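Below is one structure, written out as structure tokens; the observations come after it.
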Amino acid sequence: MPAVRFAVRVKPGAKRDAVGGRWDGALGEALVVSVRAPAVDGKANEAVCRVLATELSVRARDLLVVRGQRSRDKLMELADAPPHTARRLATLRGSIVEGPQTPRTG
């Protein structure tokens with residue numbers, strides 16, 4: 001399958017790694033990716049590739065930041081994307097990622 005390009009909005013320095021949600025930003029409708037790694041020396045970019053690879057069931061080395069190396073808004077490219085990729089990205093953009101729930105009292 002040919003390469004697939006998609007926009008992501010990165011939230012570096014998050015409490016946990018997570019993928020889900022939509023951000024309407026500079027590159028259009030973007031998938032929100034939260035990573036624990038700080039935005040220093042490319043650590044967040046590496047973490048984004050690793051976290052996305054897990055969610056999309058691909059190898060991290062197949063993901064590339066095409067645009068936005070030093071920005072929260074990035075254009076990603078997945079080489080040899082599996083057939084389910086577009087559907088999986090749409091599902092992830094439509095999901096809401098929330099933090100741990102705390103029980104309500106009273």
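Here the structure is a predicted model, which is why all the values come from computation and not from measurement.
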request  = Kindly work out whether a path of hydrophobic side-chain contacts (I/L/V/M/F/W/Y, heavy atoms less than 4.5 Å apart) joins Leu31 to Trp23.
outcome  =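 In one cluster with Leu31: Trp23, no.
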
Do Val19 and Leu63 share a hydrophobic cluster, counting only Ile, Leu, Val, Met, Phe, Trp and Tyr and linking them when any side-chain heavy atoms are less than 4.5 Å apart?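 Yes, it is one cluster - the side chains of Val19 and Leu63 are joined through contacts under 4.5 Å.
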
### Query
Between Met76 and Val66, which heavy-atom pair has the shortest distance, and what is it?
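Nearest pair, atom of Met76 first, then Val66: C-CG2, 4.3 Å.
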
Under 3.5 Å donor-acceptor pairs involving side-chain atoms of residues 33-46, not counting sequence neighbours:
unit_1 : atom_1 : unit_2 : atom_2 : d
Asn45  : OD1    : Lys74  : NZ     : 2.8
Asn45  : ND2    : Gln69  : O      : 2.9
Asn45  : ND2    : Gln69  : OE1    : 3.2

### Message
What's the separation between atom CG in Asp80 and atom OG1 in Thr85, rounded to the nearest 0.5 Å?
### Response
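Output value for this atom pair is 10.0 Å.
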
Margin query: Nearest 0.5 angstrom please: Cys49 SG to Asp62 CG, how far?
Written below: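 Output value for this atom pair is 10.0 Å.
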
Notebook entry, point to check: Which residues satisfy the salt bridge (charged side-chain N to carboxylate O under 4.0 Å, His left out) test with Arg67, sequence neighbours excluded?
Noted result: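 With neighbours one apart ignored, the set is empty.
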
Side-chain donor-acceptor pairs of residues 3-12 under 3.5 Å, sequence neighbours excluded:
unit_1 : atom_1 : unit_2 : atom_2 : d
Arg5   : NE     : Glu77  : OE1    : 2.7
Arg5   : NH2    : Glu77  : OE1    : 3.1
Arg9   : NH1    : Asp73  : OD1    : 3.2
Arg9   : NH1    : Asp73  : OD2    : 3.1

Sorted by first residue and then second, give each salt bridge (charged side-chain N to carboxylate O under 4.0 Å, His left out) pair with at least one member in residues 22-34; sequence neighbours left out.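 Salt bridge (charged side-chain N to carboxylate O under 4.0 Å, His left out) check on residues 22-34 returns Arg22-Asp24, Arg22-Glu29, Glu29-Arg93.
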
Any side-chain heavy-atom pair of Leu78 and Leu52 under 4.5 Å: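 Heavy-atom side-chain distance check fails, nothing below 4.5 Å.
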
- prompt: For Arg72, which residues count as a side-chain hydrogen bond (donor to acceptor under 3.5 Å, both in side chains) partner, sequence neighbours excluded?
  reply: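 For Arg72, no residue satisfies side-chain hydrogen bond (donor to acceptor under 3.5 Å, both in side chains) once neighbours in sequence are set aside.
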
